[in-house]
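Here's the structure we're looking at; comments come further down.
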Amino acid sequence: MKFEKLKIFDLVLIKSDIFSDERGHFRRSFCKEEIKKNCCNFDVKQGNISENFKKFTLRGFHYQKGSQKESKIITPITGEIFNVVIDLRKNSKTYKEFVSITLNDNDKYSLFIPGGCANAFLTLKDNTIIHYYMGDYFNPDTYSGIRYNDPFFSIKWPHQPAHISLRDQEFSDFVDE
């Protein structure tokens, strides 16, 4: 596994080594020891799968407030996403900065998103499946979000979202408390 630090503090692109033969491909999707040595101290609490039937489906921006910061590792199993991470950690040197990156099943990369950051993605292909390793348990009491088209951040999405939940549409704009 190779680890590439991105512009946001502690945001890391994880590139798995691919082993191929006539049967197909094999890669390690998670190694606690490698991740701790090269990235962070990440303890998996749950795994989630997001199945997105249509391209231009938008999910996010989602994050947890309080003590549950919801760090995660996301990996596209099929399809492709345009992913955006916003640093909402007030003590971070990259507070209020964001990074966008395209992830797909061909590159087979994963993205470690530190707790305290908001995350959103737009699918770029039909039948896009995303696997999540979560560093905390989901808590609906600390769950929050920011509207995907919040004018404060002015994210340049590659396409207007065609499928988005009412909840994600109704998130408030960012407020610097």
Side-chain angles (χ1 to χ4, degrees), residues 1-16 29-48 50 58-76 80-104 107 109-123 130-158 161 164-165 167-177:
M1 301 175 91
K2 296 170 187 68
F3 300 81
E4 180 182 326
K5 294 182 183 208
L6 301 177
K7 180 177 130 185
I8 289 179
F9 183 69
D10 286 341
L11 181 67
V12 178
L13 185 65
I14 302 169
K15 301 177 179 181
S16 294
S29 69
F30 182 82
C31 177
K32 187 171 185 167
E33 183 178 89
E34 285 290 314
I35 288 171
K36 184 175 183 179
K37 183 170 72 173
N38 295 286
C39 176
C40 58
N41 192 14
F42 183 74
D43 188 25
V44 176
K45 297 286 195 314
Q46 62 184 63
N48 300 328
S50 172
L58 189 129
R59 294 185 185 261
F61 283 97
H62 303 151
Y63 65 98
Q64 297 275 105
K65 295 191 229 179
S67 62
Q68 289 182 291
K69 296 295 185 190
E70 197 177 57
S71 57
K72 59 188 98 172
I73 297 174
I74 64 169
T75 307
E80 184 171 39
I81 60 172
F82 179 81
N83 196 89
V84 182
V85 178
I86 301 173
D87 190 347
L88 298 179
R89 301 167 294 172
K90 289 190 181 212
N91 296 328
S92 169
K93 61 186 174 187
T94 55
Y95 177 58
K96 297 190 281 188
E97 291 184 31
F98 66 89
V99 168
S100 61
I101 186 169
T102 300
L103 301 170
N104 61 59
D107 291 337
Y109 296 163
S110 299
L111 186 65
F112 171 76
I113 302 163
C117 291
N119 191 67
F121 66 78
L122 178 71
T123 62
I130 307 300
H131 180 269
Y132 296 72
Y133 289 114
M134 304 301 292
D136 221 328
Y137 298 107
F138 176 74
N139 181 347
D141 296 333
T142 61
Y143 181 84
S144 194
I146 300 169
R147 243 179 343 101
Y148 76 96
N149 58 355
D150 183 316
F152 182 87
F153 296 105
S154 296
I155 306 297
K156 303 289 186 250
W157 297 96
I164 181 170
S165 73
R167 179 193 62 189
D168 286 357
Q169 289 178 53
E170 292 181 344
F171 280 137
S172 301
D173 284 344
F174 174 74
V175 176
D176 195 4
E177 300 168 356

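Everything quoted here is computed from the prediction, not taken from an experiment. Sequential numbering from 1 along the given sequence is applied to the chain's residues. Below, all heavy atoms of this structure are taken into account, side chains as well, without hydrogens, waters or symmetry copies.
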Salt bridge (charged side-chain N to carboxylate O under 4.0 Å, His left out) partners for K96, two or more places apart: D176

H62/F171 under side-chain contact (heavy atoms from CB on, under 4.5 Å): CA gap, chis, key distance, verdict: CA-CA 9 Å; H62 303 151; F171 280 137; 3.7 Å; yes

Any side-chain heavy-atom pair of Y63 and I146 under 4.5 Å: yes

Straight-line distance of M134 CE to S71 OG, nearest 0.5 Å: 7.5 Å

Partner of I113 under side chain to side chain contact (heavy atoms under 4.5 Å, CB included), chosen from V12, V99, I74: I74

Any residue meeting side-chain hydrogen bond (donor to acceptor under 3.5 Å, both in side chains) with S110, in chain and number order, not counting sequence neighbours: T75

Results of salt bridge (charged side-chain N to carboxylate O under 4.0 Å, His left out) for K32 - residues two or more places apart only: D43

For F153, all residues meeting ring-ring contact (aromatic ring centres under 6.0 Å, His included), sequence neighbours excluded: F174

Reference residue Y143; test side-chain hydrogen bond (donor to acceptor under 3.5 Å, both in side chains); the match among K65, E70, Q64, R167: R167

Side chain D168, main chain G60, donor-acceptor under 3.5 Å: yes

Which residues share a side-chain hydrogen bond (donor to acceptor under 3.5 Å, both in side chains) with Y109, sequence neighbours left out: none

Test side-chain hydrogen bond (donor to acceptor under 3.5 Å, both in side chains) applied to D10 - qualifying residues, sequence neighbours left out: none

By ring-ring contact (aromatic ring centres under 6.0 Å, His included) - contacts of F3 (at least two apart): none

CG on L103 to CG on L111, rounded to 0.5 Å: 5.5 Å

Nearest-0.5 Å distance, CD1 of residue I101 to CG of residue L11: 7.5 Å

Pairing residues for Y133 by the side-chain hydrogen bond (donor to acceptor under 3.5 Å, both in side chains) criterion, not counting sequence neighbours: S29

Test: K36 and E33 ion pair at under 4.0 Å: no

Close side-chain approach of L122 and P158, heavy atoms under 4.5 Å: yes

Interatomic spacing from CD in E34 to NZ in K2 - rounded to 0.5 Å: 10.5 Å

Euclidean distance, D136 CG relative to T142 OG1, rounded to 0.5 Å: 8.0 Å

Pairing residues for K15 by the salt bridge (charged side-chain N to carboxylate O under 4.0 Å, His left out) criterion, not counting sequence neighbours: E4

Partners passing side chain to side chain contact (heavy atoms under 4.5 Å, CB included) against C40 (at least two apart in sequence or in another chain): I35, F42, F112

Do any side-chain atoms of residues 80-89 form donor-acceptor pairs under 3.5 angstrom with protein atoms, and if so which ones, sequence neighbours left out?
{"unit_1": "N83", "atom_1": "OD1", "unit_2": "N119", "atom_2": "ND2", "d": "3.4"}
{"unit_1": "N83", "atom_1": "ND2", "unit_2": "N119", "atom_2": "OD1", "d": "2.7"}
{"unit_1": "D87", "atom_1": "OD1", "unit_2": "R89", "atom_2": "N", "d": "2.9"}
{"unit_1": "D87", "atom_1": "OD1", "unit_2": "R89", "atom_2": "NE", "d": "2.9"}
{"unit_1": "D87", "atom_1": "OD2", "unit_2": "R89", "atom_2": "NH2", "d": "2.9"}
{"unit_1": "D87", "atom_1": "OD2", "unit_2": "S92", "atom_2": "OG", "d": "2.5"}
{"unit_1": "D87", "atom_1": "OD2", "unit_2": "T94", "atom_2": "OG1", "d": "2.6"}
{"unit_1": "R89", "atom_1": "NH2", "unit_2": "F9", "atom_2": "O", "d": "2.6"}

Distance, nearest 0.5 Å, that separates CZ of F98 from CZ of F61: 8.0 Å

Side-chain (W157) to main-chain (Y148) donor-acceptor, under 3.5 angstrom: yes

Residues in salt bridge (charged side-chain N to carboxylate O under 4.0 Å, His left out) contact with D173, at least two apart in sequence or another chain: R147

